[in-house]
Novice: 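For reference, the structure I am asking about is given below.
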Amino acid sequence: MGTEADGEQRVLPPPRQTLPRSPALRPGRERNPQVARERARRFPARPACGAMAEDWLGVEAALSASEGEDEEDGERRHQQLLEAVSSLSGRKRRKLAERTEASVQVSEFNVSCKGAGEKLVLSELLQPIRPKSALSSVKKELTRVKQKKAVELPLSKEEAKRVVREAAYVTTSKDVGKWQQVVLQNRRAEQLVFPLKQEIATVVPLEQVVSAWKARTPLEQEIFGLLHKTQQPITDPLLTPEETASLQAMSLEEARQRRAELQKARVVQSYYEAKARREKKIKSKKYHRVLKKSKRRKALKDFELLHKSDPEAALARLEELEQLRMQERMSLKHQNKGKWARSRAIMAKYDLEARKAMQEQLAKNKELMQKVRVELPEEEPGDVPEEDLPSVTIPTVSVGASGANPWMLGKPSGPAEEPEVQEGLGDVAVPGPVESKEEMEEEELSEEEALLQDFAEKRHMRQQRAGSPEGQGADEIEAVSELPADSPIHPICAEEPSSLGIEQPSQAQEEILLSEQLARVQTMEDVEALASEECVEEQEKPAAARAEKRAQQQEESRAGDRRAKKAPAKKKIISLQAVLAGKSQEVQCPSLPVVVEEEEGGIDQRGVITEAFAGDDVVADFRREKRKAEQAAKPQPVNLVLPGWGEWGGTGLKPSAKKVKRFLLKPSPAPPRKDQHLPHVIISERRNIHAAAHQVSELPFPFERHQQFEQSIRTPVGPTWNTQRAFQKLTAPRVITRAGHIIQPISAEDIPDVATAAGSGAKPALEVVPKRQEQPFHRSCRRAR
Amino acid sequence: VPRNYDPALHPFEVPREYTRALNATKLERVFAKPFLSSLDGHRDGVNCMAKHPKSLSTVLSGACDGEVKIWNLTKRQCIRTIQAHEGFVRGMCARFCGTSFFTVGDDKTVKQWKMESPEYGEEEEPIHTILGKTVYTGIDHHWKEAVFATCGHQVDIWDEQRTSPMCSLTWGFDSISSVKFNPIETYLLGSCASDRNIVLYDMRKSTPLKKVILNMRTNTLCWNPMEAFVFTAANEDYNLYTFDMRFLESPVTVHMDHVSAVLDVDYSPTGKEFVSASFDKSVRIFPVEKGHSREVYHTKRMQHVITVKWTSDNKYILCGSDEMNIRLWKANASEKLGVLAPREKAAMNYNQKLKEKFQYHPKIRRIAQHRHLPKSIFCQIKEQRIMREARRRKELNRRKHSKPGSVPFVSERKKHIVAVVK
């Protein structure tokens with residue numbers, strides 16, 4: 001079917017339309033209308049289409065029927081029938097004209113037989129001329145055939161194989177090349193651990209283990225019974241109902257918090273225990289004394305707080321305390337009646353210590369026996385019970401008395417503070433600061449407090465020394481002995497005199513103290529000197545004297561400097577003169593430029609030069625140097641004489657000449673020096689051949705410069721010079737393998753990146769320990785490829 | 001122990017460390033006793049060996065009289081003996097799973113055997129026997145699949161289930177002496193033939209890839225188990241050549257120290273070193289990147305070493321030789337066997353580091369490199385040194401007396417390659 005591109009309904013010619021063309025020409029056909037024949041010739045196989053064609057069909061059918069030829073009658077009829085049928089259906093089937101025989105005679109008049117039996121279809125006449133000629137496709141084919149060369153011969157078998165091999169090699173080497181990065185990394189790695197695939201110890205779930213295991217022995221069965229009784233689930237949840245409930249009750253956060261708290265508490269407790277144990281071990285009496293006091297103070301403070309917050313409870317407590325005091329009083333413990341007290345009394349005559357102890361006890365007794373004064377506090381009105389405090393006991397030491405040593409004699413009890421505070425700043429609290437000083441051992445005091453306390457101490461000492469030098473000798477000794485420990489505080493304290501001034505009460509003594517302080521700050525010695533023994537007045541005088549001295553010294557030194565400066569200057573001059581005189585004789589400069597200069601510059605120039613190189617006797621220096629080198633190079637005799645061996649030895653005795661002769665080993669004379677006959681040359685022969693045998697003669701391969709190599713040698717790796725960690729790092733072996741472990745070849749599973757190996761971004765296959773600082777250990781380029 | 005690391009308190013660090021290094025080196029030599037034991041029982045020279053892939057204590061060996069023995073290394077006993085072939089056992093390999101092993105022999109058969117010994121009363125019989133047309137000279141098993149390769153007149157790749165090869169790879173006609181699968185890229189094969197060439201094959205495409213022709217015949221080759229593209233070939237010209245398969249024009253390194261043909265080579269499982277067996281009655285250990293060996297093993301009674309294996313835990317070396325013995329050596333001659341205390345280990349590491357640090361110092365190097373050699377090897381080394389020197393001198397003279405450029409410099413690596421055939 002030729003042209004089916006038409007969108008319209010097709011009118012198809014009858015199937016055997018062209019068959020009767022075989023007879024070339026028939027006279028009967030002449031009658032056919034000329035025009036129609038012409039058309040038919042021009043458009044031999046055009047399918048007819050259009051509505052008008054149908055009318056024509058009818059006409060033609062009638063015509064041909066009337067003609068009626070003998071042989072082909074049946075066929076024609078058949079065709080007619082077909083046409084009729086097709087016309088009935090409205091659709092016409094078309095058959096292409098088919099040329100079965102080449103017609104020879106083709107002329108304008110003598111029309112070929114083609115389409116002789118055909119009907120002319122109107123649509124054929126009406127059909128537009130197609131732009132595309134039938135030949136075009138043929139032409140195309142022709143050109144194509146022309147262009148195409150002859151098909152090449154197939155490759156020889158060898159060649160073909162070779163091509164295949166080459167292609168395969170390229171792809172395979174590319175495939176293998178994906179390992180490049182991994183290989184390089186492994187070569188450079190500081191440490192490789194084999195087997196690469198470390199088996200991770202997997203924890204088998206408990207359920208599995210439990211389910212696999214069965215209780216056999218009676219004990220096991222018993223335990224199992226217990227577990228079942230508590231509904232201990234063996235499988236999944238692993239928790240009893242109670243436990244789950246408790247877990248639900250407590251959220252994770254809470255649990256964590258609680259755990260942290262518990263931990264902390266435990267830690268604190270352990271610290272506390274350790275501390276308590278430590279403190280318990282302390283034997284120092286003084287420490288315990290201080291401790292006791294601090295405790296007492298604390299109790300007082302607590303009580304005060306309690307009093308403020310809960311007066312009732314405070315009252316009760318007070319009563320309790322009073323009870324205690326009464327008991328103490330009743331016990332007669334502190335009267336000199338006990339066994340110990342009696343023995344002390346006997347000893348007291350001879351022993352200072354015993355006497356002291358007795359005195360202390362008496363003081364205590366006195367304190368206890370004292371009648372309680374009822375005092376109404378000024379600031380806190382209407383609190384009667386407060387006066388009944390045991391702590392209110394007034395210290396035996398009179399506060400104001402400057403002669404008493406406050407910290408040796410009857411330690412002022414804690415409450416002593418109270419009156420001070422009440423009394424105000426005017427009455428400088430002596431025991432207060434002392435106490436605070438003692439407290440400092442346990443609690444950290446502020447700097448100011450420390451300062452205060454210092455000053456107070458000093459003042460006390462001074463007062464003691466000034467006022468009562470002979471009173472309470474032992475105490476004083478102690479005080480003195482204690483002082484040096486405190487003295488280091490001074491320099492720190494001395495830094496803030498201004499702030500002191502504000503807090504310190506303005507007493508005459510304080511003023512002096514301050515001023516002293518300022519004066520003393522300058523040197524450490526001064527501070528120490530003061531600490532030992534120096535009165536205020538005395539202190540001032542020597543200071544002044546010292547200042548004077550210093551001034552003198554400075555003056556002297558300055559003067560000395562001047563003199564010194566003068567002296568070298570003089571010397572210089574002298575030497576210059578000498579040089580000038582000497583040089584002019586010695587130096588003869590034959591070099592030309594100098595001569596010219598001399599001519600130009602005259603004596604001045606020469607003088608300048610000689611001056612510049614004054615004392616530079618280069619030749620003599622060189623000679624001296626050479627002589628020295630020669631001396632040094634000479635082999636030294638070895639002295640193996642041991643005095644006292646085989647003869648008498650001692651101070652003043654010399655080993656005998658015979659012995660010296662025997663044991664003083666004279667070395668063989670050194671070979672003649674190479675520079676023996678070269679007066680202007682020193683050839684050093686100091687290169688030690690013996691050492692050279694142990695030294696590296698040329699730079700080893702991976703190193704590029706000798707500094708690198710030296711550095712690598714210089715850095716020690718041993719544990720003597722490195723910390724444990726560094727030592728381990730430095731000596732880590734490059735390859736670690738474990739006995740009894742099979743090392744499998746590397747595989748893509750070992751390195752996840754290999755599959756997607758994207759050049760440089762690839763992760764190292766194995767753990768690479770951070771590089772050491774030794775740069776020279778690069779792998780060779782040859783291997784890097 | 002708290003220490004004061006003030007350098008002023010520890011002077012002379014370099015001399016002290018030098019002394020320590022010297023002592024360490026000396027001790028290393030003192031303790032260098034590499035020979036562990038000899039497994040005897042074969043009645044002819046040991047021709048081939050195979051490692052068990054799953055068990056370190058098991059090793060298989062085949063002798064020249066067709067006998068195969070399985071050894072237990074911990075007991076140092078033969079645990080099983082099979083008369084596998086008539087004539088030589090040419091090659092053997094274990095299956096990757098370790099359940100069976102294959103042998104090829106002079107009787108043109110490939111046999112597969114069970115690794116376990118037969119039950120009492122059962123006869124010792126192979127699982128499969130394949131009768132071929134020609135003699136097979138070598139066999140190797142694929143590392144992951146049920147495929148093995150044999151070599152003889154051609155390289156055949158077999159499926160375990162079939163009695164005919166899956167494919168036969170040929171390139172020219174010559175007897176191929178050994179074939180090896182690449183352990184990493186498992187589709188790759190390397191073979192060496194007696195017409196002096198090394199041929200690489202790709203199993204996927206069932207085609208050869210490239211061929212290198214060397215000066216002399218290559219006896220066997222071994223792939224590096226950590227570097228997929230590197231293999232080492234043991235050559236008749238006393239040398240070993242490490243190639244990168246992507247650049248076959250010249251070997252990466254030429255390893256020279258042997259004084260006779262190198263018969264076998266095996267890589268250490270870490271891929272850092274390999275061991276070679278030679279006709280000169282010695283075994284040498286080479287670092288992969290070094291041209292000379294770091295260690296040479298020999299004993300008076302050891303004859304031509306035909307086969308050598310490095311155990312897969314990197315600790316031992318096994319060599320089978322002509323005089324029917326298999327010898328077990330330590331891979332690191334002075335290593336202390338057994339469990340080390342942490343302090344011992346630290347000391348060992350430190351000593352190792354010191355030796356490394358001062359290795360270039362002449363006195364230390366002298367001690368570290370000193371080896372005793374049998375007279376024959378020693379003399380041959382000397383002789384060859386003289387020969388090499390003479391050759392060098394001659395070339396120098398030729399160069400001197402000919403037109404400049406007419407006698408080109410050829411590097412040692414290029415010298416031994418005749419051609420690369422695509």
Side-chain angles (χ1 to χ4, degrees), chain A residues 161-162 164-169 171-180 182-183 186-187 192 194-196 693-697 700 709 712-723 727-728 730-735 737-748 779-780 782-783 785, chain B residues 3 5 7 10 13-14 16-18 20 53-56 143 171 182-185 187-188 200 202 204-205 207-210 223 225-230 244-247 252-253 268-272 289 312-315 337-338 346 348-350 352-354 357-363 422:
Chain A
K161 274 187 175 174
R162 185 187 161 159
V164 169
R165 280 198 301 259
E166 265 180 60
Y169 177 72
T171 52
T172 311
S173 53
K174 199 185 267 178
D175 278 1
V176 171
K178 77 187 175 195
W179 289 93
Q180 173 77 11
V182 177
V183 166
N186 284 359
R187 280 180 189 168
L192 286 175
F194 292 103
L196 296 176
H694 294 270
Q695 283 165 343
V696 181
S697 54
F709 179 64
S712 83
I713 293 295
R714 211 181 301 129
T715 40
V717 291
T720 322
W721 300 275
N722 293 297
T723 57
F727 169 66
Q728 276 169 2
L730 285 172
T731 60
R734 294 188 72 84
V735 173
T737 56
R738 289 189 289 169
H741 284 73
I742 292 174
I743 301 167
Q744 298 288 358
I746 198 167
S747 65
R779 291 278 136 241
S780 60
R782 183 186 62 198
R783 297 215 295 115
R785 227 170 286 124
Chain B
R3 292 183 53 88
Y5 293 103
H10 308 286
E13 58 262 25
V14 176
R16 283 165 80 185
E17 289 218 314
Y18 177 81
R20 286 178 195 180
K54 298 285 175 194
S55 156
L56 281 171
W143 287 81
W171 189 349
N182 188 323
I184 307 167
E185 295 294 333
Y187 51 84
L188 267 176
L200 302 178
D202 191 334
R204 298 174 299 182
K205 289 156 195 157
T207 168
L209 298 174
K210 220 168 196 182
W223 292 92
M226 290 293 151
E227 301 174 2
F229 39 77
V230 174
D244 185 329
M245 70 154 280
R246 298 167 300 167
F247 313 98
V252 179
T253 324
S268 87
T270 59
K272 301 275 177 202
E289 75 275 19
S312 21
D313 61 347
N314 196 36
K315 298 280 183 200
L337 295 178
M348 203 184 69
N349 288 346
Y350 180 40
Q352 192 58 43
K353 207 74 197 174
L354 284 179
K357 184 178 163 186
F358 289 98
Q359 63 184 328
Y360 305 109
H361 286 69
K363 294 285 173 185
K422 281 179 186 170

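Letters A, B, ... mirror the listed sequences (proteins, then strands); counts begin at 1.
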Novice: Below 4.5 Å from any heavy atom of chain B, which atoms of A/Ala732 appear? Answer side chain, backbone, both or neither.
Specialist: backbone

Novice: Heavy-atom distances under 4.5 Å only: say whether B/Trp223 touches chain A with side chain, backbone, both or neither.
Specialist: neither

Novice: State which residue, out of B/Arg3, B/His10, B/Arg20, B/Arg16, fulfils the side chain to side chain donor-acceptor pair (under 3.5 Å) condition with A/Thr720.
Specialist: B/Arg20

Novice: Which bit of A/Gln744 comes within less than 4.5 Å of chain B, counting heavy atoms only: side chain, backbone, both or neither?
Specialist: both

Novice: With chain B, which of A/Val164, A/Thr171, A/Val735, A/Thr172 has the greatest number of heavy-atom pairs at distances under 4.5 Å?
Specialist: A/Thr172

Novice: Would you sort out whether B/Phe229 and B/Phe247 count as a ring pair (Phe, Tyr, Trp, His ring centres under 6.0 Å), showing the intermediate values?
Specialist: CA-CA 9 Å; B/Phe229 39 77; B/Phe247 313 98; 8.3 Å; no

Novice: Of all the heavy-atom pairs spanning B/Tyr5 and A/Pro719, show the shortest one and how long it is.
Specialist: CE2-O, 3.6 Å

Novice: Whether A/Asp175 and B/Arg246 form a salt bridge (side-chain N of Lys/Arg under 4.0 Å from carboxylate O of Asp/Glu) is what I want to check.
Specialist: no

Novice: Could you look at B/Thr270 and say if it's the side chain, the backbone, both or neither that has a heavy atom under 4.5 Å from chain A?
Specialist: both

Novice: Name the option with the most non-hydrogen atom pairs under 4.5 Å to chain A; the candidates are B/Lys315, B/Glu17, B/Lys363.
Specialist: B/Glu17

Novice: Is B/Lys422 in contact with chain A via its backbone, its side chain, both, or neither, using a 4.5 Å heavy-atom distance?
Specialist: both

Novice: Got a second to check how far A/Ile743's CD1 is from A/Phe194's CZ, nearest 0.5 Å?
Specialist: 6.5 Å

Novice: Looking at chain A, which one of B/Pro269, B/Ala228, B/Pro53, B/Ser312 has the largest number of heavy-atom pairs inside 4.5 Å, strictly under?
Specialist: B/Ser312

Novice: Using a cut-off of under 4.5 Å on heavy-atom pairs, state which of B/Leu354, B/Ile184, B/Thr207 scores highest against chain A.
Specialist: B/Ile184

Novice: Mind checking the CZ-OG spacing from B/Phe358 to A/Ser712? Nearest 0.5 Å is all I need.
Specialist: 8.5 Å

Novice: Which bit of B/Leu188 is near chain A, if near means a heavy-atom gap under 4.5 Å: side chain, backbone, both or neither?
Specialist: side chain

Novice: Between B/Tyr18 and A/His694, is the side chain to side chain contact (heavy atoms under 4.5 Å, CB included) condition met? List the steps.
Specialist: CA-CA 10 Å; B/Tyr18 177 81; A/His694 294 270; 3.5 Å; yes

Novice: Walk me through it: do A/Arg165 and B/Trp171 pass the test side chain to side chain contact (heavy atoms under 4.5 Å, CB included)?
Specialist: CA-CA 11 Å; A/Arg165 280 198 301 259; B/Trp171 189 349; 3.3 Å; yes

Novice: Name the member of A/Pro700, A/Gly740, A/Ser173 that forms the most heavy-atom pairs with chain B at distances under 4.5 Å.
Specialist: A/Pro700

Novice: Sort A/Val176 into side chain, backbone, both or neither according to what part of it lies under 4.5 angstrom from a heavy atom of chain B.
Specialist: both

Novice: Given heavy-atom pairs under 4.5 angstrom as the criterion, report whether the side chain, backbone, both or neither of A/Thr723 touches chain B.
Specialist: both

Novice: Quick check on B/Glu13 against chain A: is it the side chain, the backbone, both or neither that has a heavy atom closer than 4.5 Å?
Specialist: both

Novice: Output yes when B/Lys272 and B/Glu289 qualify as a salt bridge under the 4.0 Å nitrogen-oxygen rule, no when they do not.
Specialist: no

Novice: Can you confirm whether more than 12 heavy atoms, excluding those of A/Trp721, are under 6.0 Å from its CH2 atom?
Specialist: yes

Novice: Check A/Lys161 with A/Glu166, please: is the shortest side-chain N to carboxylate O separation under 4.0 Å?
Specialist: no

Novice: Give, as side chain, backbone, both or neither, the part of B/Ser55 having an atom under 4.5 angstrom from any heavy atom of chain A.
Specialist: backbone

Novice: Between B/Arg204, B/Met245, B/Gln352, who has the most heavy-atom pairs with chain A when the cutoff is under 4.5 Å?
Specialist: B/Met245

Novice: For B/Pro208, is it the side chain, the backbone, both or neither that has a heavy atom under 4.5 Å from a heavy atom of chain A?
Specialist: both

Novice: Please flag which part of B/Lys357 lies under 4.5 Å from any non-hydrogen atom of chain A: side chain, backbone, both or neither.
Specialist: both

